[in-house]
Each structure stands twice: as C-alpha cells, then as structure tokens.
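Report on the following structure.
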Amino acid sequence: MERMFLWALFFVLFSFCVSSGKETEPPLEMEHLTSELLESARTPEFFDWLVRSRRKLHENPELSFQEFETSEFIRTELESLGVNFTWPIAKTGIVASIGSGAQPWFALRADMDALPIQEMVEWEHKSKNDGKMHACGHDVHVTMLLGAAKLLQQRRNELKGTVKLVFQPGEEGAAGAYHMLKEGALDKFQGIFGLHVAPDLPIGTIGSRAGPFMAGSGRFLATIQGSGGHAAMPHKAKDPVLAMSLAIISLQHIISRETDPLESRVITVGFVKGGQAGNVIPETVTFGGTFRSMTVEGLSYLQQRIKEVIEFQSAVHQCNATVDFMEEKSRAYPATVNDEALYSHAKKVGEHLLGGESNVRLLPMFMAAEDFSFYAQKMPAAFFMIGAKNESMKSGIQLHSPYIVLDEKVLPVGSALHAAVAISYLDGQSVRSN
Ligand SMILES: *[C@@H]1O[C@H](CO)[C@@H](O)[C@H](O)[C@H]1NC(C)=O
Ligand SMILES: *[C@@H]1O[C@H](CO)[C@@H](O)[C@H](O)[C@H]1NC(C)=O
Ligand SMILES: *[C@@H]1O[C@H](CO)[C@@H](O)[C@H](O)[C@H]1NC(C)=O
C-alpha cells in the first residue's frame, strides 16, 4: 500500500517534470499554431489567391526541365511576398529562404513539371498547352508551397532558424532532385518535408509510413539486332521478333523464380517496336520498360539480370542485343525511405492540424517512384500523401490519368501543414540546442 502511494507520488512528480520540461512539445502550443495557420489559409482572400494561382499553373503545364513560365510565375509571387530566393538552379529550380538566415535550415519541397498527356476534363481552366497536363498534381504542390511561403513570411521574425522552399524541375523521370543536389543547392540542410496529392484520400486526411514507402525505379531500352529477310524463308534470316518474345517472357521469370515472394519487385515492358509488314522479318526490334524494388540491392540485381536475360535470350536465337539503362537521360530513382523521427514529427503535427489520429493514416508501401528519394539519401526526410479527393470524380481514376480532377480544398490544408511542420521542427531544434 505504502509502496503504491510512493509510486503514485513519484508518478505525479515525474509527469509534472515532463509536462513542464522543455523537452516535450506543449500540446496546447501546437494546437494553437496549427489552428491559427489553417484559419489564415482558409480565409476567403487567402483561399481565392490559392485557387487563382493553382488554376493559372494548371492552364499552363510545362514538361520536365522546360518549366520556364512556371518558374517565372513562382518568382513573381515570391517577390510580391518579399521573400528572398536563389535562381536558377538546375535550369529552372528555385530555393527561397524565410527566417533569420541562420541554421538550422529546414526544407519544404514542391515539384513543378507536368506530363505529356492531353487533358480530357472539360472545365474552364483546362490545359491550354496541347498534349501537356498537370495530371500528377504538381500545380497543386507548387501552390501549396506558395501558400506556405505566405504563412511563413507573416511569421518570419519568430522563426528559430530558416525555412528553405525548394521548387524543383523534372520530377517525372528526369531526376530533377538529383540535379538540384548536384548543384549544391541543398548542402547543410537538416531535414526536408514533401507532400504529394492523393486523389483517393478524402480532404482533411494525410498518410505515410516510416522507413521504405515508395519504390526505387529504373528504366531500360533494349535493341535486338537480327538479320532481316523473307517471312517465308526464316532459315535464311535471324528473327529478332521471336528473340524479343522469349526475352520478354523470361524477364517475368526474374520476378517469379528469382525473387523472394515476400519481397516487392516489378518488371514491366511498356512498349515494343519492330517490323513494318506481315511478310518481312525485320532487321531489328526495340522494346523497353521499368523495373522497381524497395531496396538498393533489389534494384541493382534487377538491372544486372535484365541485361543478362535479354542478351542470352538473343544469343539463343543467333541475334545480338544491347541494353541501355539511360543513366544520363532517365537516372534510376532510389526507394523513398522516410526517416523515423521526422516521420513521427510530421505525423504529430498532422494529428493536431487535422483534428485526430484517424485523419493521419498508415499507408501501405507502393511501387510508384519519386525523386524525393534523392533528398532522403542525403538528409532526414519525410514524404506524405495528402487527400485531394473530389467527390464528383469517377472512382478508380488515378494520378497520371487525363480525367483526373483534384479538389482545391486541399490547398489551404497543404499550405498550413507545410508551414506547421517547418515552424515546429525549428522550435524543436532550438529547444534541443538550448
Ligand atoms: C534576405 O536578403 C536580405 C538582403 O540581402 C538579407 O539581409 C536577409 O538576411 C535575407 N534573408 C534571408 C532569410 O536569407
Ligand atoms: C552479332 O555480333 C557478331 C560479332 O560482332 C557478328 O559476327 C554477328 O554477325 C552478329 N549477328 C547479328 C545477327 O547481327
Ligand atoms: C470538384 O469537382 C467539380 C466538378 O469538376 C468542380 O466543380 C468543383 O469545383 C471541384 N471542387 C473543388 C473544390 O475543386
């Protein structure tokens, strides 16, 4: 009994020390910060500005490393907010700074490029550039980061360090993040946070997971050289079509026979080109695709085996093959791996901002790839999906669909979340170093 009393006393004292100590985030302060940010971003004036910006970007999509007008639009907005920035980085990229200018430096990231897709949604702000569309929501990503810039700029004198806003080119296969890093634009950063819209998650929810979240991904292009001839006399030719057919089938055996069934790996051949006529054996054929894995070792294993399988299957048919992994043009992306501590931080901020744990979901790993992974290799990083589901959109429509409709109510939520994650991260760092 007495012992229990002592324990109880100890517990009360202990919890008092913890709750008054500097180490833990006072929940009330976080509650206050997040609701204030969200309220600001949802005022009609702020929301209208977000919607106008997003629609302007949506109407004018530009492909990877051609984001010249997008970049100019961002710079104009930053200038009118009075925010400093460095430009150009990796052709069209921008890094803006808000705060004291001193360390710690914490980054928020948005990608700027669109896809070579013809928009099929009929609405007032449909893409004006034929064959190009913001079908991956990067227009929304840019706008949410501009929204965060505005919120942060209002609080610039209270920031305990510096928030860096990274607007990067070329996420869609062109490894823009790799090129931003290569130019040294993110040296000495302590961490980075990124958001991606999710058309299947409701507004007011986010989701992610600690550790590996999205796949590493590479591309390949194969050419099989045979020797052409008359289709009626195959013995006088070397048929590259048959060699390719067997090679494509054998590629799937790398997954089904060489990969642990409990590991996630994918090989997909996405195109084949060869031949012109039904009565001619062509000289050459080309085909190509993508391969994915959740680990660095998995990705390099697949790369090595794809080359071997295509070369050997070609040899079986007396043809020659070359396999190109296009390192310069479409560099392989590593897997996106979330830092445990930064993931937990963003999750906690999200729970406060979105009013409850059920709005912050634990998502399964998935095999899409993201060049945010290059940042995650260099510094602690956390990448979250954010709900942008528009109830009017037919279910089953995914990112990269010409029919995608994103709900603009995500804009204030994403802006406030970006800002809250950065502000409270810097607050936490200053507590630790005090
Ligand atoms: C912005 O630029 C001004 C003028 O160069 C400088 O004094 C200030 O420190 C800069 N702010 C940040 C956050 O880098
Ligand atoms: C394949 O390459 C070898 C060595 O260069 C060559 O002798 C042969 O003719 C080539 N075969 C075809 C079908 O191109
Ligand atoms: C949702 O989609 C409908 C139909 O396209 C559109 O009218 C509405 O503005 C969208 N909602 C938002 C908030 O974007």
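In each ligand, atom 1 is the first atom listed, and ligand 1 is the first ligand listed. Just so it is clear, the structure is predicted and the values come from calculations on it, not from any experiment.
- For S373 (side chain) and V337 (main-chain N/O), no donor-acceptor pair under 3.5 Å exists by modelled atom type.
- Taking the ring axis of F46 as reference, the NZ or CZ atom of K150 stays within 45° of it and closer than 6.0 Å to the ring centre.
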Below 3.5 Å only, please: the N or O atoms of ligand 2 paired with protein N or O atoms, distance on each line.
residue, atom, partner, partner atom, Å
ligand 2, 2 (O), N320, OD1, 3.4
ligand 2, 2 (O), N320, ND2, 2.3
ligand 2, 11 (N), N320, ND2, 2.9
ligand 2, 14 (O), N320, ND2, 3.4

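- Annotation: salt bridge (charged side-chain N to carboxylate O under 4.0 Å, His left out) contacts involving residues 132-142, sequence neighbours excluded, comprise R54-D139.
- Under the salt bridge (charged side-chain N to carboxylate O under 4.0 Å, His left out) criterion, the residue pairs touching residues 239-264 are E258-R305, E263-R265, with sequence neighbours excluded.
- For R361, the salt bridge (Lys or Arg N to Asp or Glu O under 4.0 Å) criterion is met by no residue, not counting sequence neighbours.
- R331 forms a cation-pi arrangement with Y178, by the criterion of a distance under 6.0 Å to the ring centre and an angle within 45° of the ring axis.
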